[in-house]
There are 2 protein chains.
Amino acid sequence: MANATIRDVAREADVSVASVSRALNGHSNVRPELRRHVETVAAALGYVPHAGARNLSMARANAIGVVLPDLHGEFFSETLRGMDRAASERGLQLLLSNLHDGDRAVAMLHTMRGRVDGLIIMAPHIDPALLLAGLPSSIPAVLVNCAAPGKDRPTLQVDNVAGARVMTEHLIATGRRQIVHLSGPESNAEARERIEGYRAAMDAAGLQHRIVAGDFMQETGAALTPQILRDHPEMDALFAANDMMAIGALIALRAAGIDVPGQIALAGFDDIPLSRLISPALTTMHVDIAGIGERAVARLTDAIAGAKDHQLEMSLPELMVRETTQKARVSRA
Amino acid sequence: MANATIRDVAREADVSVASVSRALNGHSNVRPELRRHVETVAAALGYVPHAGARNLSMARANAIGVVLPDLHGEFFSETLRGMDRAASERGLQLLLSNLHDGDRAVAMLHTMRGRVDGLIIMAPHIDPALLLAGLPSSIPAVLVNCAAPGKDRPTLQVDNVAGARVMTEHLIATGRRQIVHLSGPESNAEARERIEGYRAAMDAAGLQHRIVAGDFMQETGAALTPQILRDHPEMDALFAANDMMAIGALIALRAAGIDVPGQIALAGFDDIPLSRLISPALTTMHVDIAGIGERAVARLTDAIAGAKDHQLEMSLPELMVRETTQKARVSRA
DNA sequence: ATGAATGATGTAACCGGTTACATCAAGCAG
DNA sequence: CTGCTTGATGTAACCGGTTACATCATTCAT
């Protein structure tokens with residue numbers, strides 16, 4: 001019933017456990033015939049090594065823990081895809097954990113200790129002090145898009161401030177003036193940075209900011225749009241803090257009979273795969289989502305190998321002009 | 001430097017390791033003052049229990065392994081989301097593995113032995129015999145959308161045959177006659193079942209089948225469409241075996257200046273979130289993707305708990321009529 | 001022929017927890 | 001006062017691997 005252990009194999013093959021271990025792991029100092037014999041017996045018993053035990057004795061889990069704020073939407077699935085690719089190249093597995101709130105966060109990190117060699121933490125919505133307090137300094141970790149660029153941890157970030165500034169400037173350059181920013185939640189560091197970039201560009205152009213607080217969800221983008229139209233009747237551009245909200249807004253604008261980009265320009269942020277597929281195609285800031293996942297794994301494996309490189313790696317998003325921000329038609333009236 | 005172990009805590013607190021273990025795990029037979037003392041010392045040392053060691057000694061990993069064919073696209077990210085929800089409710093973590101080909105598949109399963117309590121295997125593209133051969137019968141596993149309904153394993157499947165039949169009948173009922181099926185890869189069990197459903201409905205209506213082999217990828221849907229238009233100039237409906245290919249086809253059709261659904265009706269399968277967001281919205285078979293993920297975890301935890309219920313659970317997809325299959329306009333000519 | 005070097009194999013400690021069982025002190029009934 | 005029960009704590013075995021080191025048989029140089 002229960003699975004065979006290495007001792008069962010040793011007894012059956014009439015050799016020591018050490019020989020079984022060596023034979024099965026391809027060590028060189030094993031007689032070929034002995035190796036074959038052990039392999040035969042192991043196969044006959046259906047022996048599969050117990051990875052947990054091996055991990056314990058080798059003090060190496062060959063796995064990395066990934067904590068994400070949310071599995072919703074394409075953004076995180078893309079990140080995960082990048083991580084998976086980089087991880088399986090290195091023979092690592094991913095231990096996944098959704099990180100809802102700050103309290104359970106620390107408990108979660110603890111659950112991971114001893115089952116993973118390091119952690120990738122993506123938590124723009126969690127107080128970084130709280131996070132780092134619960135993180136033993138001995139466990140390697142890379143922070144992705146966290147609020148504070150962990151001083152003594154490798155860190156990856158998207159330059160949200162610059163990105164939002166570029167997008168806002170693009171909107172201004174294409175003739176928009178009454179630009180409303182539909183932001184992410186205040187508690188989210190990336191959302192705050194994007195607000196900052198928007199503010200900077202608007203200030204530089206001498207325009208007035210209008211910020212409406214959203215929460216990065218598509219439904220909210222749709223739900224808030226009618227209200228935005230009411231409160232800002234003069235609006236000629238809507239800059240959503242991420243693509244999902246922009247798409248929600250697009251649906252609501254379409255439902256309201258508003259022409260995009262004819263009457264109102266629409267912009268998003270992230271460039272999820274979906275954004276080029278909708279119609280009209282969404283202008284957005286391209287973030288190399290899967291690439292960030294890959295880089296995170298690369299940095300983490302370096303850190304696990306002992307690298308002391310705690311540099312902050314900042315990636316600059318790129319403006320993708322598509323259909324939703326084409327110049328407004330000359331008024332037909 | 002290295003992390004404190006339970007013996008460090010025991011030494012520092014001047015008690016035995018057993019007491020530390022008991023105190024920290026909330027056993028009742030510990031003097032309250034001793035417990036507090038141990039907790040204080042543990043906190044002072046920054047002690048975090050080594051989950052791997054605990055797993056080994058308790059013979060319980062509190063994790064489940066998930067093997068997926070591909071992380072691409074919304075389908076699997078939705079599945080994963082459902083699994084994550086169900087898993088974290090039960091205090092389980094997910095160990096993720098992308099399963100590219102059959103050879104590495106078995107190795108992968110072995111890597112998981114001893115680090116997970118059970119497996120969820122989603123592998124419509126892998127020879128089930130190969131798969132089950134590599135799977136020790138002692139490890140609980142549930143099969144999702146695998147080619148063969150594992151006789152002695154809990155199994156979840158989508159009724160692809162019925163679903164494809166319903167969709168094809170819908171197309172016929174809305175007046176289409178020259179219906180081309182853009183199928184998934186022959187190696188994929190689900191693709192084969194959808195072909196079968198399409199065939200059944202076409203046969204029943206006395207119509208001729210036209211099947212073009214695709215591979216479930218959006219790019220392929222787009223790339224194959226011009227060729228399909230050339231080879232089947234009379235086509236009035238295109239039924240893609242999944243939504244991603246349908247969306248690819250939609251883009252290509254739009255580029256070719258073809259009116260959907262005016263000239264050609266378009267249908268997909270899966271009902272990924274994206275399909276209702278594109279324009280025109282895609283008619284498709286709704287599959288409760290996240291729900292299947294949740295059910296898989298539920299069935300697996302039952303199996304881990306010792307349930308012997310190896311019933312095949314079949315879920316019936318539901319027709320979602322949207323814009324791409326509205327009745328063809330009366331010819332304007 | 002003898003001692004050293006080499007190579008294959010076995011013994012047992014170790015990784016870091018959990019827990020059955022032993023031990024011991026205190027409380028209590030007779 | 002003695003013997004039994006009860007509760008708290010300690011001892012050590014165990015989970016299933018890996019591996020340093022010991023052992024032993026060869027082989028080879030001297």
Side-chain angles (χ1 to χ4, degrees), chain A residues 1-38 41-42 45-63 110-117 136 138-139, chain B residues 1-38 41-42 45-63 110-117 136 138-139:
Chain A
M1 201 71 237
N3 264 309
T5 74
I6 196 173
R7 294 178 220 268
D8 297 331
V9 178
R11 188 178 337 108
E12 196 71 15
D14 204 36
V15 296
S16 72
V17 292
S19 290
V20 176
S21 177
R22 284 188 288 250
L24 262 25
N25 288 312
H27 289 209
S28 59
N29 49 349
V30 177
R31 254 184 323 141
E33 43 206 307
L34 209 213
R35 187 191 308 274
R36 275 195 305 278
H37 176 221
V38 169
V41 172
L45 292 172
Y47 169 68
V48 180
H50 189 288
R54 187 202 305 255
N55 294 160
L56 178 59
S57 83
M58 303 214 298
R60 191 75 161 50
N62 287 307
H110 287 188
T111 314
M112 292 226 167
R113 141 106 219 261
R115 353 174 65 175
V116 300
D117 300 318
S138 54
I139 179 165
Chain B
M1 201 71 238
N3 263 312
T5 74
I6 196 173
R7 292 177 222 271
D8 297 330
V9 178
R11 187 179 338 107
E12 195 72 16
D14 204 36
V15 295
S16 72
V17 291
S19 290
V20 175
S21 177
R22 284 188 288 250
L24 262 25
N25 289 311
H27 290 209
S28 59
N29 49 350
V30 177
R31 253 185 323 139
E33 44 205 306
L34 209 214
R35 187 191 307 276
R36 275 196 303 279
H37 177 221
V38 169
V41 172
L45 264 56
Y47 169 68
V48 180
H50 189 286
R54 187 201 304 254
N55 295 161
L56 178 59
S57 81
M58 303 216 295
R60 190 73 160 51
N62 287 308
H110 287 188
T111 314
M112 293 226 168
R113 141 107 220 263
R115 350 176 68 177
V116 299
D117 300 317
S138 55
I139 180 165

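Protein chains get the first letters and strands the later ones, always in sequence-line order, with residue 1 at the start of each.
Summarising the geometry, the separation between CD on A/E33 and C1' on C/dG7 is reported as 14 Å, rounded to the nearest angstrom. The separation between A/R11 atom CZ and D/dG16 atom P is 12 Å, rounded to whole Å. Remark: P of C/dG17 and CG of B/L24 are 10 Å apart, rounded to the nearest angstrom. When the P atom of C/dG17 is taken as reference, atom OH of B/Y47 falls 3 Å away, rounded to whole Å. Distance, A/H37 NE2 to C/dA8 P: 18 Å, rounded to whole Å. Between the CG atom of B/L45 and the P atom of C/dG16 there is a distance of 14 Å, given to the nearest Å. Atom NE2 in A/H110 sits about 17 Å away from atom C1' in C/dG17, given to the nearest Å. In this structure, B/M58 places its CE atom 12 Å from P of C/dG17, rounding to the nearest Å.
Put simply, A/R54 has a side-chain N or O that comes within less than 4.0 Å of OP1 or OP2 on D/dT18. For C/dG16, neither phosphate oxygen OP1 nor OP2 lies less than 4.0 angstrom from any side-chain nitrogen or oxygen of B/T5.
As judged by a 4.0 angstrom heavy-atom cut-off over every strand, B/N55 is placed among residues making no nucleic acid contact. Residue-level contact check: A/V17 touches the bases, meaning some heavy atom is under 4.0 Å from a base atom. Contact annotation for B/S21: base contact, defined as any heavy-atom pair under 4.0 Å involving a base atom. Heavy atoms of B/A59 sit nowhere under 4.0 angstrom from any nucleic acid atom.
Set against C/dT9, D/dG17, C/dA20, the side chain of B/A18 has C/dA20 as its closest nucleotide. Minimum atom distance to the side chain of A/A53 is reached by D/dG17, of the listed D/dA8, C/dT9, D/dG17. With C/dA8, C/dG17, D/dG17 as the candidates, the nucleotide lying closest to the side chain of A/P49 is D/dG17.
The two residues A/N3 and A/G46 have their closest heavy-atom pair at OD1-O, 4.2 Å. When all heavy atoms are compared, the tightest approach of B/L34 to B/V15 is CD2-CG1, 3.7 Å. The shortest heavy-atom contact between A/L24 and A/Y47 is CD2-CE2, 3.7 Å. What you find for B/A13 and B/V41 is that their closest heavy atoms are CB-CG2, 3.9 Å.
Mapping B/V15 and A/S57 onto DNA chain D by nearest heavy atom places B/V15 at the nucleotide closer to the 5' end. Where B/S19 and B/L56 meet DNA chain C, the nucleotide closest to each residue was compared, and B/L56 sits on the side nearer the 5' end.
For C/dG17, its base sits under 3.5 Å from the side chain of B/R7 at one donor and acceptor pair at least. With hydrogens and angles ignored, a donor-acceptor pair under 3.5 angstrom links the side chain of A/R22 to the base of C/dG10.
In this model, a donor atom of one side chain and an acceptor atom of the other lie less than 3.5 Å apart for B/N55 and A/R115.
Between B/L56 and A/H50 the shortest side-chain heavy-atom distance falls below 4.5 Å.
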